[in-house]
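Input: a single structure, listed below in structure tokens.
Only this structure's heavy atoms are used, side chains among them; waters, hydrogens and symmetry mates stay out.
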Amino acid sequence: WVSLFLSTVKMKIIQQAITALLVSSNLLISNHGLVQGVACSPEPLEFSETVGIRVEKVGSIPTTTTGAWSYNMMVADNFDDKVFFLDQLMGKIYSYDPESSEEPALLFDMNTSEIPAGLTLNFNYPGAAQANRVHMMSKGKTANEVYVVFSSSTLPTGYSKADAGLPAEGAYPGYMCDGYETVFVRDLYRVGLLPLCAGSAPGGFASFTIYNVFYKFTISNGVLANPDPFFVLENQLLPGHLGGGMATVHNGKLLWSVGDCLQYGSDGRFAPQVDTESCGKILLIDPDAPGTYDIVAKGVRNSQQMRIVPIGVKGREWLIFMDIGGVTAEEVNIWPLPSILNRKKIDNFGWGRNQMDGKTREGTCYVGPGKIGILGTEPPSEGTALTNENGYIQPWIQFGRTATDVYYGISSFAYLGNGRNTRLRLIWSEFNTGHIMGTMRLSQIRNYNGPTRGYKIKLYDAEGNYLEHSLNDLVKEELGEVGYYRGDPRLFHYPDGTAGVFIERTGVFYRLTDFHLSDLP
């Protein structure tokens with residue numbers, strides 16, 4: 001069954017490549033395979049001829065999961081003096097102080113550390129990418145306090161239900177897959193046994209409710225101590241969108257991106273646009289008022305990283321977050337933090353089927369309903385949205401698939417605008433190719449006339465050698481000849497504001513420095 005499953009994965013990669021050719025040709029294909037019209041897609045990105053990035057190795061964390069698709073890691077960088085590397089699959093957290101000469105130190109290990117009461121971290125999962133046993137973390141209100149989010153198949157002790165739940169049972173029935181393989185599902189948020197057409201291995205994987213459990217901890221003597229749960233969120237564990245973007249605001253409250261709680265292939269359905277549902281939202285959670293939250297943004301598909309940054313001479317704070325797209329557009333969004341925190345309204349970033357106008361937005365495009373469980377071609381583009389469309393926030397940057405760039409999705413970003421001697425305002429990375437892309441311009445919020453122009457950025461190692469396959473060359477450098485070199489890069493910020501990149505597959509992290517290409521020998 002393993003070989004059959006891998007064959008399915010390979011077929012999906014081929015399917016994705018075909019999709020890239022279709023998108024690059026601006027063709028929209030109907031359910032019957034007929035050309036319907038001109039589709040919307042972001043402009044292809046060219047390589048910058050002026051700016052490059054130097055990549056210098058800094059350190060690593062231990063890992064044994066170096067096979068293709070066998071790993072799941074993340075970086076938590078919203079701290080003042082440290083960076084935390086999370087092995088989400090293995091349930092480990094490493095603390096790293098860039099001012100120290102020491103290697104990252106193990107802070108938590110689900111196999112040896114005390115697990116908070118009631119949690120079950122050793123749950124079954126459909127693929128490594130869905131095993132977020134330690135999901136994310138962010139700084140607390142005091143110097144030695146941190147917020148940590150675990151994923152658990154059971155509720156913590158003292159809880160009988162989650163504080164924010166999935167949509168009501170049975171409220172959203174629908175179909176998965178396509179053609180003769182189409183399957184009716186009574187509840188899309190509680191699918192149960194996944195059909196083979198939706199990427200399940202033989203024997204099937206049965207989805208279940210997973211709980212994101214939020215804790216306050218203090219760091220004492222190099223370990224997490226004094227666990228204090230303050231919020232529990234429901235999601236659905238399947239090959240889908242579990243979110244995980246997290247940032248702490250000035251009063252100690254935190255922002256959390258939920259994900260749309262569905263498997264790939266759909267337009268998010270209605271829940272991301274329904275103000276009473278938590279799926280497809282950014283939540284504002286108060287650790288000092290356990291169980292309470294506000295929905296402060298909607299229409300967010302699957303953001304896994306966010307950051308609050310001061311911009312301008314007055315230091316006005318902005319929220320920046322990435323959002324992984326379907327097959328049309330990958331995004332980085334920016335919006336004033338005071339607007340996000342204004343609980344009198346909910347800012348709308350467009351994902352999900354809006355019941356007022358019947359449209360779903362992905363980047364600056366409209367997309368169709370899609371077919372849940374179909375990877376690489378769904379949901380299809382259905383045309384271009386109005387620029388500066390009333391009631392919707394459009395992206396700072398966007399990019400998509402082309403015939404030459406077989407992109408899977410945006411994996412991370414780093415904001416460089418407040419750094420010293422930086423030439424790039426923002427950089428972002430892509431899972432499959434290992435490309436880093438960037439822009440030299442801020443988004444024009446007040447006079448928005450479309451996404452800012454972006455470029456692919458040429459990468460060089462510390463000796464000045466060009467990395468022909470971008471960050472994927474670093475995987476080959478660490479692992480040798482293994483045949484397939486996707487590494488899943490995660491850009492992050494060091495405490496001094498400079499950029500780094502962490503390669504999930506190898507556990508190695510680097511420092512990034514932009515420079516003028518004219519400075520090359």
Side-chain angles (χ1 to χ4, degrees), residues 2 5-6 9 12 60-77 83-94 104 106-111 113 115 119-137 148-153 199-201 205 207-208 210-213 235-246 256-259 261 263-264 302-305 322 324 375 408-412 429-432 434 471-472 474-475 478-479 482 484-492 501-509:
V2 174
F5 177 65
L6 291 177
V9 171
K12 288 181 176 177
S60 64
I61 65 170
T63 181
T64 57
T65 55
T66 58
W69 302 294
S70 68
Y71 48 84
N72 193 28
M73 299 200 198
M74 182 52 81
V75 187
D77 62 351
V83 177
F84 293 88
F85 298 102
L86 281 59
D87 189 330
Q88 296 170 308
L89 171 65
M90 304 304 290
K92 297 179 181 181
I93 300 173
Y94 294 87
L106 184 63
L107 183 69
F108 176 86
D109 182 347
M110 61 175 279
N111 294 309
S113 302
I115 296 174
L119 299 193
T120 301
L121 305 186
N122 193 24
F123 50 80
N124 189 22
Y125 52 88
Q130 288 77 49
N132 299 310
R133 289 166 169 136
V134 285
H135 201 154
M136 184 47 86
M137 58 191 297
V148 180
V149 182
F150 295 97
S151 294
S152 170
S153 59
S200 178
F205 173 82
S207 74
F208 57 90
I210 195 78
Y211 300 99
N212 296 143
V213 188
N235 208 317
Q236 178 181 206
L237 190 69
L238 42 54
H241 309 141
L242 301 169
M246 184 178 185
W256 175 263
S257 176
V258 178
C261 312
Q263 191 169 358
Y264 50 75
N302 191 26
S303 176
Q304 297 180 353
Q305 183 189 16
M322 55 82 103
I324 300 172
L375 180 68
Y408 182 82
I410 186 171
S411 60
S412 57
S429 61
E430 197 278 326
F431 282 113
N432 194 47
L471 295 172
N472 287 355
L474 303 179
V475 176
E478 293 294 327
L479 301 183
V482 293
Y484 182 69
Y485 301 101
R486 170 174 160 168
D488 293 49
R490 299 288 189 172
L491 300 176
F492 66 94
V501 63
F502 175 60
I503 307 299
E504 286 191 57
R505 185 170 176 180
T506 63
V508 180
F509 55 97

Side-chain contact test, heavy atoms from C-beta onward, threshold under 4.5 Å: evaluate it for Leu106 versus Lys92 and give yes or no.
yes

Gap separating the CG atom of Leu474 from the CD1 atom of Ile503, nearest 0.5 angstrom:
5.5 Å

Suppose we screen for side chain to side chain contact (heavy atoms under 4.5 Å, CB included). Which residues come up paired with Ser70, at least two apart in sequence or across chains?
Thr65

Close side-chain approach of Leu86 to Val75, heavy-atom, < 4.5 Å
no

Atom CE of Met74 and atom CD1 of Ile93: how far apart are they, to the nearest 0.5 Å?
13.5 Å

How many angstroms lie between atom OG1 of Thr63 and atom CD of Glu478, to the nearest 0.5 angstrom?
11.5 Å

Do Tyr484 and Trp69 have side-chain heavy atoms sitting under 4.5 Å apart?
yes

Under the salt bridge (charged side-chain N to carboxylate O under 4.0 Å, His left out) test, which residues partner Asp488, sequence neighbours left out?
Arg486

Of all heavy-atom pairs between Tyr125 and Phe205, which one has the smallest distance, and what is that distance?
C-CE1, 3.5 Å

Hey, is the main chain of Leu238 close enough, under 3.5 Å, to the side chain of Gln263 for a donor-acceptor pair?
no

Working to the nearest 0.5 Å, report the span between CD of Gln130 and CG of Asn124.
11.0 Å

Heavy-atom donor-acceptor pair, Arg133 side chain to Leu121 backbone, under 3.5 Å:
yes

Tell me whether Asn72 contacts the main-chain N or O of Ala131 through its side chain, where contact means a donor paired with an acceptor under 3.5 Å.
yes

Going by heavy atoms in the side chains, are Thr506 and Tyr71 under 4.5 Å from each other?
no

So Ser151 and Asn132, side chain to side chain donor-acceptor pair (under 3.5 Å) or not? Walk me through it.
CA-CA 6 Å; Ser151 294; Asn132 299 310; 5.2 Å; no

Compare all side-chain heavy atoms of Tyr94 with those of Pro62 and state whether any distance is below 4.5 angstrom.
yes

For the CZ atom of Phe123 and the CG atom of Leu237, what is their distance to the nearest 0.5 Å?
6.0 Å

Give a yes or no on whether the backbone of Gly243 and the side-chain of Asn302 come within a donor-acceptor separation of less than 3.5 Å.
yes

For Cys261, does its backbone N or O pair with a side-chain atom of Gln236 as donor and acceptor, under 3.5 Å?
yes

Got Asp87 and Leu89 here, is their nearest side-chain heavy-atom distance under 4.5 Å?
yes

Residue pairs fulfilling salt bridge (charged side-chain N to carboxylate O under 4.0 Å, His left out) with at least one residue in residues 60-77, sequence neighbours excluded
Asp77-Arg307

Heavy-atom pair with the smallest gap, counting every atom of Pro489 and Leu471
CB-CD1, 3.5 Å

Return the orientation label for the Phe502 and Phe509 ring planes: parallel under 30°, perpendicular over 60°, tilted otherwise.
tilted

Using the ring centroid of each side chain, check whether Phe108 and Phe150 are separated by less than 6.0 Å.
yes

Could you check whether any side-chain heavy atom of His135 comes within less than 4.5 Å of a side-chain heavy atom of Trp256, counting everything from C-beta outward?
yes

Given 3.5 Å as the limit, does a donor-acceptor pair link the side chain of Tyr485 with the main chain of Val482, or not?
yes

Quick one: do Val83 and Phe85 satisfy side-chain contact (heavy atoms from CB on, under 4.5 Å)? Show the steps, please.
CA-CA 7 Å; Val83 177; Phe85 298 102; 3.9 Å; yes

Just wondering, do Asn122 and Met110 contact through their side chains at under 4.5 Å, heavy atoms?
yes

Ser152 side chain to Thr120 side chain, donor-acceptor N/O pair below 3.5 angstrom:
no

Go through the steps for Val149 and Val213 under the test side-chain contact (heavy atoms from CB on, under 4.5 Å), then give the verdict.
CA-CA 5 Å; Val149 182; Val213 188; over 6 Å; no

Just checking, is any N or O donor in the side chain of Gln304 or Arg490 under 3.5 Å from an acceptor N or O on the other one?
yes

With rounding to the nearest 0.5 Å, note down the distance linking OG in Ser153 to CZ in Phe208.
5.5 Å

